[in-house]
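Indexing begins at 1, ligand by ligand and atom by atom, following the structure's order.
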Amino acid sequence: MVIRSITFTGSSPSLKLCPPPDHPEYAFTGRSNVGKSSLINMLTQRKNLARISSTPGKTQLINHFLINDAWYLADLPGYGYAKVGKEKRRSFRRLVTEYVLERSNLMSLFLLIDARHPVLANDHAFMDFLGNKGIPFVIAFTKTDKLSSNEMQKNLRRFREKTLERWEELPPLFLTSARKGTGREEILDFIEKSNEMFKKS
Ligand code: GTP
Ligand code: MG
């Protein structure tokens with residue numbers, strides 16, 4: 001897929017203020033510092049998208065970008081922030097929960113996990129929540145350039161084991177590096193194929 005155009009369509013503090021669900025949508029989330037902004041920039045090959053998202057205040061909102069006038073990329077607030085208070089964390093969670101449960105055009109949620117330490121309790125708790133609710137999601141391991149391929153294989157194995165303790169199937173997995181551009185084609189192909197399903201449905 002060639003990215004021809006990107007339009008920032010706004011920041012939404014609640015589901016009902018999100019743009020109308022008239023295009024297929026892919027949402028990105030993960031723990032703070034996981035590399036979300038870097039991955040979004042890498043996929044779109046635009047430097048300032050992430051800047052919009054990281055403007056203080058906007059990080060608690062859902063930022064929508066319309067790509068090629070055909071699909072939405074939604075940048076969701078992260079979770080597991082150590083620095084924010086309990087009240088803020090609760091409001092992030094409320095917003096993300098409402099969004100994933102009710103956003104009718106959501107094709108897949110991209111859950112980003114740092115490839116160096118992929119087995120963290122709150123990532124697995126979030127995956128369990130998504131699985132139980134039947135929300136389609138995929139995993140994107142980030143920063144894979146920071147590991148040797150041996151370490152990567154070892155971490156992947158642990159992740160698989162841990163996930164298959166509770167689930168019969170693994171979600172689709174993408175290995176990414178924002179630094180090297182790894183995974184870009186695979187993710188954009190996946191989105192392109194899913195977009196076709198939106199048209200058919
Ligand atoms: P917050 O919005 O602050 O929660 O962080 P984020 O999830 O958007 O992460 P961000 O993209 O800002 O990246 C966090 C740090 O990881 C930065 O120092 C990045 O340069 C680094 N980083 C992100 N992706 C990669 C990657 O693929 N490879 C390497 N080596 N570093 C990365
Ligand atoms: Mg960010």
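- Residue-level proximity to ligand 1 for Met42 is absent, since no heavy atom of it falls below 4.0 angstrom.
- Note: an N/O pair closer than 3.5 Å links Ser38 and ligand 1 by distance alone.
- Residue-ligand proximity, Ser177 to ligand 1, at heavy-atom distances under 4.0 Å covers atoms 27 (O).
- Within the structure, the closest approach of Thr142 to ligand 1 does not fall below 4.0 Å when heavy atoms are considered.
- For Arg157 and Asn155, the side-chain atoms include no donor-acceptor pair closer than 3.5 Å.
- Contact atoms of ligand 1 toward Ser32: 4 (O) (distance under 4.0 Å to a heavy atom of the residue).
- Here atom 4 (O) of ligand 1 lies nearest to Asn33 when heavy atoms of Val34, Asn33, Leu112 are compared.
- Taking each of Lys180, Arg116, Lys143 in turn, the one with a heavy atom nearest to atom 16 (O) of ligand 1 proves to be Lys143.
- The six-membered or imidazole ring of His117 lies away from that of Phe159, with a centre-to-centre distance of 6.0 Å or more.
- Residue contact check: Ser37 has heavy atoms under 4.0 Å from atoms 6 (P), 8 (O), 11 (O) of ligand 1.
- At a cut-off of 2.8 Å, Ser37 is counted among the residues with an N, O or S atom near the Mg ion (ligand 2).
- Arg31 contributes no side-chain N or O that, together with a main-chain N or O of Ile113, makes up a donor-acceptor pair within less than 3.5 Å.
- Contact atoms of ligand 1 toward Arg179: 26 (C), 27 (O), 28 (N), 29 (C), 30 (N), 31 (N) (distance under 4.0 Å to a heavy atom of the residue).
- Judged purely by distance below 3.5 Å, without hydrogens or angles, the side chains of Tyr26 and Asn195 pair a donor atom with an acceptor atom.
- For ligand 1 and Lys36, the ligand atoms under 4.0 Å from any heavy atom of the residue are 6 (P), 7 (O), 8 (O), 9 (O), 11 (O).
- Both Ile139 and Leu106 belong to a single network of hydrophobic side chains, linked directly or stepwise wherever heavy atoms of I, L, V, M, F, W or Y lie under 4.5 Å apart.
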Next on the checklist: Could you walk me through whether Ser11 and Asn63 satisfy the side-chain hydrogen bond (donor to acceptor under 3.5 Å, both in side chains) test, starting with their C-alpha distance in whole Å, then the side-chain angles of each, then the deciding distance to 0.1 Å, before giving a yes or no?
Outcome noted: CA-CA 4 Å; Ser11 300; Asn63 296 297; 2.5 Å; yes
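- Using a 4.0 Å cut-off between charged nitrogen and carboxylate oxygen, Asp75 and Lys36 count as a salt-bridge pair.
- Cluster annotation: Phe8 and Leu43 are assigned to the same hydrophobic cluster (Ile/Leu/Val/Met/Phe/Trp/Tyr, side-chain heavy-atom contacts under 4.5 Å, transitive).
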